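Read the numbers this way: they start at 1 and go in the same order the structure lists the ligands and their atoms. None of the values given here were measured: they were computed from a predicted structure.
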Amino acid sequence: MADEVILLDAYASVFGMRVRVALAEKGIKYEYREEDLRNKSQLLLKMNPVHKKIPVLIHNGKPVCESLIIVHYIDEVWKDKAPLLPSDPYQRAQARFWADFIDKKLYDAIRKIWPAKGEEQEAGKKEFIEVLKVLEGELGGKPYFMGERFGFLDIALITFYSWFHACETLGNFNIEAESPKLISWAKRCLQKESVSKSLADPKKVYENLLEMEKRLGVE
Ligand code: GS8
């Protein structure tokens with residue numbers, strides 16, 4: 001019997017995009033369902049009753065939640081094609097460490113650039129640039145984070161690229177001037193169809209944020 005794969009997602013989500021890239025890397029066909037996060041579907045509430053968040057991967061009726069856990073799951077289930085995590089346990093631990101760093105530090109810094117303003121936004125910008133520089137150090141001279149192959153850690157980070165334009169415009173700074181090697185890496189990742197087809201359009205992400213600001217009445 002063919003696998004039934006459904007993804008509950010939201011277009012501009014850095015977390016949802018990770019799952020889209022992983023599924024594309026593996027060449028898995030799936031049904032994409034866009035969630036309205038202001039009016040969540042009964043299916044989302046049933047499939048992720050703990051966090052009530054997207055993304056949720058529903059594989060043959062069974063839900064898997066949390067983006068990094070989902071990417072890991074995809075790698076383990078569809079292991080014949082495009083391995084995402086390294087086979088060496090130490091390398092795997094490193095990949096998980098840095099993915100955790102991205103979730104804890106980069107996401108937090110972005111939330112300070114938007115919807116924050118003034119001093120908090122300035123602090124967010126500083127933090128964001130510092131985090132990018134740490135990541136750039138970890139990338140070093142390698143083409144991808146784990147070496148020669150695109151994989152788990154690249155997936156964990158590349159989805160933030162869709163938000164870079166919004167961060168730069170809202171925070172009035174230039175990411176490439178601060179972290180040129182990281183932008184070269186991002187462009188390398190974007191040459192892959194699995195990435196370019198799965199990522200949200202940076203201009204749309206920015207427009208979405210402006211619309212959300214209007215709705216929330218952010219000055
Ligand atoms: C984060 C998911 C998340 O924040 C993961 O999957 O990695 N750690 C999780 N999802 C957001 C949308 S993206 O900003 C979400 O579903 N929010 C709905 C809500 O908070 O009600």
Side-chain angles (χ1 to χ4, degrees), residues 5-26 28 30-59 62-77 84-85 92 95-116 124 127-128 131 135 145 151-167 170-171 195 198-216 218:
V5 182
I6 300 171
L7 175 63
L8 307 184
D9 200 352
Y11 176 71
S13 166
V14 291
F15 306 108
M17 284 184 252
R18 286 174 173 168
V19 181
R20 282 176 247 164
V21 176
L23 290 169
E25 271 291 295
K26 299 280 183 179
I28 299 159
Y30 64 99
E31 183 188 333
Y32 178 91
R33 292 201 197 164
E34 178 79 11
E35 280 285 332
D36 174 357
L37 295 177
R38 285 174 295 155
N39 181 22
K40 295 172 186 169
S41 71
Q42 285 306 312
L43 186 63
L44 174 59
L45 301 178
K46 185 172 154 213
M47 291 293 163
N48 190 356
V50 176
H51 296 302
K52 304 177 178 67
K53 290 184 179 192
I54 58 91
V56 180
L57 185 84
I58 310 173
H59 182 205
K62 290 188 294 190
V64 186
C65 303
E66 289 291 314
S67 60
L68 295 175
I69 294 175
I70 301 172
V71 173
H72 196 162
Y73 175 81
I74 290 171
D75 199 32
E76 289 192 326
V77 172
L84 302 175
L85 273 139
R92 289 165 86 87
R96 290 198 198 98
F97 170 85
W98 285 109
D100 182 58
F101 174 82
I102 291 164
D103 276 5
K104 288 188 176 134
K105 299 287 189 182
L106 191 62
Y107 189 63
D108 267 21
I110 289 188
R111 295 312 304 262
K112 287 182 195 156
I113 296 175
W114 186 86
E127 209 174 296
F128 178 79
V131 172
L135 288 167
F145 272 91
F152 182 75
L153 197 45
D154 303 293
I155 294 179
L157 184 59
I158 191 59
T159 59
F160 286 84
Y161 183 79
S162 289
W163 282 65
F164 280 9
H165 168 68
C167 290
L170 295 163
V195 176
S198 308
L199 257 51
D201 175 351
K203 296 221 160 60
K204 282 201 188 135
V205 170
Y206 176 59
E207 282 161 21
N208 282 0
L209 291 188
L210 293 185
E211 268 173 34
M212 222 185 289
E213 281 201 350
K214 261 197 224 153
R215 220 171 33 234
L216 300 172
V218 179

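- The environment of Lys105 atom NZ is sparse: at most 12 non-hydrogen atoms of other residues, nucleotides or ligands sit within 6.0 angstrom.
- Partners of Lys104 by salt bridge (Lys or Arg N to Asp or Glu O under 4.0 Å), not counting sequence neighbours, listed by chain and number: Asp100.
- Pairs passing the side-chain hydrogen bond (donor to acceptor under 3.5 Å, both in side chains) check and including a residue from residues 41-50, sequence neighbours excluded, read Glu35-Ser41.
- Side chains of Leu43 and Arg33 form a contact here, defined as non-hydrogen atoms less than 4.5 Å apart.
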N or O contacts of ligand 1 with protein under 3.5 Å, please list pair by pair.
from: ligand 1; atom 1: 6 (O); to: Ser67; atom 2: N; distance (Å): 2.8
from: ligand 1; atom 1: 7 (O); to: Ser67; atom 2: N; distance (Å): 3.3
from: ligand 1; atom 1: 7 (O); to: Ser67; atom 2: OG; distance (Å): 2.7
from: ligand 1; atom 1: 8 (N); to: Glu66; atom 2: OE1; distance (Å): 2.7
from: ligand 1; atom 1: 10 (N); to: Ile54; atom 2: O; distance (Å): 2.9
from: ligand 1; atom 1: 14 (O); to: Tyr107; atom 2: OH; distance (Å): 3.3
from: ligand 1; atom 1: 16 (O); to: Ile54; atom 2: N; distance (Å): 2.9
from: ligand 1; atom 1: 21 (O); to: Lys40; atom 2: NZ; distance (Å): 2.5

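- Applying the side chain to side chain contact (heavy atoms under 4.5 Å, CB included) criterion to Glu211, with sequence neighbours excluded, gives no partner residue.
- Of the charged side-chain nitrogens involved, at least one lies within less than 4.0 Å of a carboxylate oxygen, so that Asp103 and Arg18 count as a salt-bridged pair.
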